[in-house]
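Here the structure comes first, spelled out in C-alpha cells, and everything after it is commentary.
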Protein chains: 2
Amino acid sequence: MILRDFLEGQDVVRGGDRPSHCCLVLTGFVCRYALLPDGRRQILAFHPPGDVPDLQSLHLQIMDHSVAAMMPSTVAFIAHEHIQHATEQHPRLIHAFWRETLIDAATFRAWMIGLGRRSAHERIAHLICEMLLRFEAVGLAEGGVFQMPVTQQDIADALGLSNVHVNRVLQDLRRDELIAWQRPMIAVLRREALEELAMFDPTYLHMRNLPDAPGVAAEA
Amino acid sequence: MILRDFLEGQDVVRGGDRPSHCCLVLTGFVCRYALLPDGRRQILAFHPPGDVPDLQSLHLQIMDHSVAAMMPSTVAFIAHEHIQHATEQHPRLIHAFWRETLIDAATFRAWMIGLGRRSAHERIAHLICEMLLRFEAVGLAEGGVFQMPVTQQDIADALGLSNVHVNRVLQDLRRDELIAWQRPMIAVLRREALEELAMFDPTYLHMRNLPDAPGVAAEA
DNA sequence: CGTTGCATTGACTTGTGTCAATATGCGTGG
DNA sequence: CCACGCATATTGACACAAGTCAATGCAACG
C-alpha cells in the first residue's frame, strides 16, 4: 500500500490509464470526471474520504474517465493483487465490494435522472440533499452543515449547467433561505423544503440505516 | 427458471420491488426507466436480448427503478439462490457478473456525459453509434442496419429531450444522409461522419474485440 | 372506414448559455 | 500592513437551443 498526497486540481488517475492499484480516499475530496475532445467537462461523481473511486479498475482494464483531487488530499493506493488476495481469504469481501460498485451505479442513475429531467433548481437542490446524506453517513455533517470544497464551476460541470446559471440559482436558493453557502461550508437551512423541491428520494443510495429523515422509513 | 412473455409497454420489474429473481432478456427489447413524482420519465438503459437488466438486484434489495418491455418480449427469471449457487460452484462466474455490472455503470457514465454536455444532435448520434456497436456485438446488426423498436418519445426520454425536438433533429440527420430511420429499422449510412459528430469513443463499452472500426485499435 | 398511436409542422415561449465587465476575497511578498 | 495578483463570484445584456402547445398528417389495424 502506497500513500500519496495530491494538490488541488491534480489527477489521481487519468482516463486511458491501466491501473494496477485501486485508490482509497483517506483525507480531502476527489471527483471523477470525463472530458470531451473539445474540452467540455462532465463531473461524474464526488467522493468524500472513505470512498474508493476506481474500484471498477479491478475488472475493467482501461480507465474510461479520470479521478482528480478537488482539495489537497491523501490517497492510499492498494495493489489489485492484494485486493484479490484478500477476497480469496474472505469471500464475503467480494460481495461487499461488488455491492459498493452497484451503489455507485445507482448513484449514476440518480444523476442521469437529474441531468435528463430535472430543472436547474431541482438539480442543485438534489445534489445538496445527496451530499448532505452521504456526509452524514460518514460522520462529516452535523446539523445540516458540511464542508464541500467545490467551486460554482464544479457544480456546473457536475449538473450540466453553466457557471453563470449555477450562480443565479444559488442566489435563489439562498434568498429563499433553503441553504446558506460560504465556501467551503454548505448549510441546509430548511431540509424538508429542499428535499421537496429536489423531489429527493434516497432509496438509490441503498443505505442500511438511513438517518431518521422525516417521512422516510428505515428498511426492514 | 421461469419464462414469461411481456407485451409492449408492460413492466417486467417495478421500482420499489424486492426481487427474488434476476431477469434475462431472451427475445424482444426492454428498457430501464425511472419516473419523477410528476410523471417526467428518464430512460436509463436499453437492453437487447442477452442482457440481464437487473443483475444488481442480487445485492441491492430494493429496485430503485423499473424495467419495461418496449416490444413483445420473452424474459427468463432466474432465482437469486440459483445464481448464488452457481457462483459457488464456479467462482469465476462471480467476476464475470461483477464485470457486467461494471460495464453497465460505465455505460451510465457515458450517458451522463451526453445528458450533461452534448447537444441534441450529438446525443442522438451518440446513442445510435452505441446501439449499432452493441447490436453488432450480439450479431443483430449487419451492414450498419439494425432493428430498434423505439418511438421518438422514447428517444426523447432517454436523452433528456422533447419528442418534438427529437423529431426535428432526426430530420436533420436524415437530410444530411447520416442515417435512415423507418421504424423499427435504423440504418447508419455514413458511420465515420456520425461517430465524428457524436465524438464517439467506444472505450466505455469495454468490449474485448471491438469490431474493426477505423481509427480504433484493439486492446493489447 | 373509423380509431388509435405516432410523426410532423408551425408559431411562439423560455430556460439556460454566452460574453464581457466588475466585484470580492485571499494569499503572498515587499 | 498594504499592494498586488489571482481565482472565483456576481451582474447585465443579449442570443439561442430546446420546450410547449396545438393542429394536421399518416399509416396500421380491427
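Side chains are part of it too, since the values below use all heavy atoms of this structure and drop only hydrogens, waters and symmetry mates. Proteins get letters first, then strands, A, B, ... in listed order; numbering begins at 1 in each.
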Checklist entry - Are the aromatic ring centres of B:Phe135 and B:Phe146 under 6.0 angstrom apart? => result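 Yes, they do, as the ring centres are separated by less than 6.0 Å.
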
inquiry  = Once ring-ring contact (aromatic ring centres under 6.0 Å, His included) is applied, what residue pairs with a partner in residues 178-202 of chain A remain, sequence neighbours excluded?
reply    =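 Only A:His126-A:Phe200 qualify under ring-ring contact (aromatic ring centres under 6.0 Å, His included).
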
Below 4.0 angstrom, which residues in [range] have at least one non-hydrogen atom near DNA chain C?
| range | result |
| --- | --- |
| residues 175-190 of chain A | none |
| residues 116-124 of chain A | A:Ser119, A:Ala120 |
| residues 147-166 of chain B | B:Thr151, B:Gln152, B:Val164 |

(Q) Rounded at 0.5 Å granularity, tell me how far CG in A:Leu170 sits from CZ in A:Arg175. (A)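 Output value for this atom pair is 12.0 Å.
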
| message | I need the B:Glu130 CD to B:Trp111 CH2 distance, nearest 0.5 Å. | response |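 Rounded to the nearest 0.5 Å, the CD-CH2 separation comes out at 6.0 Å.
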
Residues two or more places apart in sequence or in another chain: which of them pass salt bridge (charged side-chain N to carboxylate O under 4.0 Å, His left out) with [X]?
| X | result |
| --- | --- |
| B:Asp176 | none |
| B:Asp104 | B:Arg32 |
| A:Asp5 | none |

Worksheet item: What are the 5'-most and 3'-most nucleotides of DNA chain D lying under 4.0 Å from any heavy atom of chain B?
Response: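 Terminal contacting nucleotides, 5' to 3': D:dA18 to D:dC21.
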
Partners of B:Ile2 by side chain to side chain contact (heavy atoms under 4.5 Å, CB included), sequence neighbours excluded?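 Applying side chain to side chain contact (heavy atoms under 4.5 Å, CB included) to B:Ile2 gives B:Arg4, B:His21, B:Phe77.
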
- Task: Using side chain to side chain contact (heavy atoms under 4.5 Å, CB included) as the criterion, list what pairs up with B:Ser119, not counting sequence neighbours.
- Result: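 B:Ser119 satisfies side chain to side chain contact (heavy atoms under 4.5 Å, CB included) with B:His121, B:Glu122 once adjacent residues are dropped.
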
5' to 3', nucleotides 22-29 of chain C under a 4.0 Å protein heavy-atom cut-off (B base, S sugar-phosphate only, - none) gives --------

### Query
Between the two ends of the helix from C:dC1-D:dG30 to C:dG30-D:dC1, what is the bend in degrees, rounded to 10 degrees, where each end axis spans five pairs?
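Both end axes considered, the difference amounts to 30°.
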
Practice item. Determine the sole option in B:Leu159, B:Leu35, B:Leu36, B:Leu115 for which the side-chain contact (heavy atoms from CB on, under 4.5 Å) test with B:Gln42 is passed. Key: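 Testing B:Gln42 for a side-chain contact (heavy atoms from CB on, under 4.5 Å) against B:Leu159, B:Leu35, B:Leu36, B:Leu115 leaves exactly one candidate, B:Leu115.
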
